There are 2 protein chains.
Amino acid sequence: MSLPHAILTALLEKPSSGLDLTRRFDRSIGYFWSATHQQIYRELGRLEAEGHIRALPAAQPARGQKKAYEVLPAGRAELARWTAAPQDPKPHRDALLLRLRAAAVVGTAGLEADLRRHRELHRRQLAEYEEIEKRDFPPGDDSAQARLQHLVLRAGIELETFWIQWLTEALEDLPVVEDTP
Amino acid sequence: MSLPHAILTALLEKPSSGLDLTRRFDRSIGYFWSATHQQIYRELGRLEAEGHIRALPAAQPARGQKKAYEVLPAGRAELARWTAAPQDPKPHRDALLLRLRAAAVVGTAGLEADLRRHRELHRRQLAEYEEIEKRDFPPGDDSAQARLQHLVLRAGIELETFWIQWLTEALEDLPVVEDTP
DNA sequence: AGGTTTTTTGCAACTAGTTGCATAAACCGT
DNA sequence: ACGGTTTATGCAACTAGTTGCAAAAAACCT
């Protein structure tokens with residue numbers, strides 16, 4: 001039950017239309033909470049119905065029918081409540097690890113190529129994160145907000161680094177398990 | 001679409017009843033692909049209907065009686081196909097990182113305690129993994145199967161280690177962001 | 001023997017996320 | 001002005017996972 005809270009956070013950072021939100025979910029926010037535009041529009045409707053957000057009166061004669069939303073006090077209160085409330089970590093699911101385990105039984109045929117591909121994807125993601133870090137968190141900016149946001153980004157960077165390294169090790173000593181048909 | 005493959009893998013490692021599977025999903029397999037017993041029974045039914053597994057003839061089934069399943073050749077083939085097929089990584093979602101980002105906007109009140117709690121949970125998980133490593137992967141066992149399984153376990157160990165460290169850093173320099181009501 | 005509790009199996013309803021497609025307006029080249 | 005593309009919004013159906021509950025056999029106690 002976190003998509004509404006992701007949206008509230010995004011809207012507090014900057015009031016936006018559905019499409020703007022979609023774009024922001026494709027970059028920064030979506031790195032740890034992804035969402036499609038369909039999900040976003042559905043959720044915007046709910047949040048508005050609940051009185052957590054409202055459509056901004058169209059200030060400028062913007063292109064199209066862009067409808068921007070802003071967070072109402074009730075929405076901010078709900079977000080604060082949710083942020084402070086304890087939450088258990090969700091059980092994780094990792095298809096790649098599962099496939100390795102399956103490969104131990106049915107053979108490693110075809111795996112290596114996909115491991116390489118995944119490593120490449122992680123490398124790209126890492127490069128993107130590092131780009132953002134360089135751009136948005138220059139040394140010396142130590143406002144509380146920036147520190148928190150940087151902390152989150154660093155988690156992303158270190159996780160990608162971990163996966164690249166782990167995949168490299170895996171590829172180095174990937175044993176050949178014969179298919180057993 | 002991976003639960004059936006997780007179950008096939010588990011059943012190939014060792015034919016089991018629904019309850020046995022449930023237990024094994026609570027420990028080893030569930031560490032990277034969790035499932036409830038309801039999910040497992042539902043999926044067992046599907047897999048049987050598709051001819052991927054069958055109930056072992058040993059004990060004839062009635063309600064409340066253990067029914068063990070084994071994988072049929074079609075099931076093994078499907079698992080091999082799935083293992084070798086390229087798959088894109090799923091977008092990840094991490095509520096804790098999202099909460100940090102929200103906290104940058106609505107304040108860090110109440111967060112610290114939960115960060116500590118999460119760190120404790122990760123420490124316990126790490127201890128469990130290390131226990132398993134000591135028990136199941138003594139140095140010197142270098143069969144191909146063991147190497148693959150160890151690789152997967154090491155990913156778990158290193159991820160838990162990462163989170164403990166990251167949470168420690170986060171707690172050390174968690175800035176105080178005042179609530180902004 | 002009779003009742004309670006635990007084990008094992010499973011259905012049904014709900015929630016969250018994904019996929020496919022629809023609509024309308026704006027903008028763009030000819 | 002016309003037709004094609006892009007922008008912006010959204011509905012509906014589907015898939016996967018979660019939660020709540022319960023029936024049937026077995027085990028456990030008086």
Side-chain angles (χ1 to χ4, degrees), chain A residues 1-8 10-11 15-26 29-50 53-56 58 60-69 82 87-95 98, chain B residues 1-8 10-11 15-26 29-30 32-50 53-56 58-69 82 87-95 98:
Chain A
M1 247 273 288
S2 307
L3 176 59
H5 303 101
I7 292 179
L8 287 172
L11 287 181
S16 306
S17 68
L19 194 71
D20 291 341
L21 278 176
T22 301
R23 295 219 181 90
R24 293 170 62 199
F25 269 79
D26 282 342
I29 300 173
Y31 291 147
F32 49 90
W33 204 275
S34 67
T36 61
H37 69 102
Q38 291 93 331
Q39 268 180 291
I40 288 168
Y41 283 114
R42 195 199 309 184
E43 204 59 46
L44 282 173
R46 283 180 196 155
L47 285 167
E48 190 176 27
E50 283 165 1
I53 62 174
R54 70 161 180 192
L56 278 176
Q60 75 252 48
R63 23 201 299 253
Q65 307 227 13
K66 265 165 114 173
K67 230 191 320 184
Y69 291 90
W82 176 82
Q87 250 184 266
D88 283 333
K90 284 268 141 192
H92 19 95
R93 300 200 165 93
D94 190 309
L98 183 55
Chain B
M1 247 278 287
S2 308
L3 176 58
H5 304 101
I7 290 178
L8 287 172
L11 287 181
S16 305
S17 70
L19 194 72
D20 290 342
L21 279 176
T22 301
R23 295 218 180 91
R24 292 172 61 199
F25 269 79
D26 281 343
I29 300 174
F32 50 89
W33 204 276
S34 67
T36 62
H37 69 102
Q38 291 94 331
Q39 268 180 289
I40 289 169
Y41 284 114
R42 194 196 314 183
E43 205 58 48
L44 282 173
R46 282 179 198 158
L47 285 167
E48 191 176 26
E50 284 165 1
I53 62 174
R54 70 161 180 192
L56 278 176
Q60 266 315 85
R63 228 184 141 88
Q65 261 180 2
K66 268 179 138 174
K67 219 186 336 178
Y69 291 90
W82 177 83
Q87 250 184 268
D88 284 333
K90 285 265 139 194
H92 20 96
R93 300 199 163 93
D94 190 309
L98 184 56

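To find a chain, count down the sequence lines: A is the first, B the second, and so on, and within it residues start at 1. Here the structure is a predicted model, which is why all the values come from computation and not from measurement.
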**Q** Expressed as a whole number of angstroms, how long is the span from L44(B):CG to dG10(C):P?
**A** 8 Å
**Q** Would you indicate, yes or no, if dG10(D) has its OP1 or OP2 atom less than 4.0 angstrom from a side-chain nitrogen or oxygen of K67(A)?
**A** yes
**Q** Specify the residue among H37(A) and R42(B) whose closest nucleotide of DNA chain C lies further upstream toward the 5′ end.
**A** R42(B)
**Q** Please compare T36(A) and Y41(B) by the position of their nearest nucleotide in DNA chain C and report the one closer to 5'.
**A** Y41(B)
**Q** Confirm from the modelled atom types if Q38(B) and dG17(D) form a donor-acceptor pair under 3.5 Å, side chain to base only.
**A** no
**Q** Rounding to an integer number of Å, can you tell me how far E43(B) CD sits from dT15(D) C1'?
**A** 11 Å
**Q** Just how far, in rounded Å, is C1' of dA8(D) from CZ of F25(A)?
**A** 17 Å
**Q** Could you state the NE2-P distance from H92(A) to dA16(D), rounded to the nearest angstrom?
**A** 22 Å
**Q** Rounded to the nearest Å, what distance is computed from the CG atom of residue L19(A) to the P atom of nucleotide dC27(C)?
**A** 14 Å
**Q** Would you classify S17(A) as touching base, sugar-phosphate or nothing, given that sugar-phosphate means primed atoms plus P, OP1 and OP2, and contacts are heavy atoms under 4.0 Å?
**A** sugar-phosphate
**Q** Between dT7(C) atom C1' and L21(B) atom CG, what is the distance in whole Å?
**A** 16 Å
**Q** Has the side chain of Q39(B) got a donor or acceptor atom that lies under 3.5 Å from a matching backbone atom of T36(B)?
**A** yes
**Q** Which value, rounded to the nearest 0.5 Å, describes the distance between Y31(A) atom OH and D26(A) atom CG?
**A** 8.5 Å
**Q** Of the options dG17(D), dT8(C), dG17(C), whose atoms approach the side-chain atoms of L3(A) most closely?
**A** dG17(C)
**Q** Indicate whether any N or O donor in one side chain lies under 3.5 Å from an N or O acceptor in the other, for S2(A) and R93(B).
**A** no
**Q** Atom CZ in F32(A), atom CG in D94(B): separation rounded to 0.5 Å?
**A** 8.5 Å
**Q** What do the steps show when you test R24(B) against S16(B) for side-chain hydrogen bond (donor to acceptor under 3.5 Å, both in side chains), and what is the final call?
**A** CA-CA 9 Å; R24(B) 292 172 61 199; S16(B) 305; 2.9 Å; yes
**Q** Rounding to an integer number of Å, can you tell me how far R23(A) CZ sits from dT9(D) C1'?
**A** 13 Å
**Q** Within the structure, does a side-chain N or O atom of R93(B) lie under 4.0 Å from either OP1 or OP2 of dG17(D)?
**A** no
**Q** Given atom CD1 of I40(B) and atom C1' of dC11(C), what is their separation to the nearest angstrom?
**A** 16 Å
**Q** Check whether any side-chain nitrogen or oxygen of Q39(A) sits under 4.0 Å from OP1 or OP2 of dA16(C), and answer yes or no.
**A** no
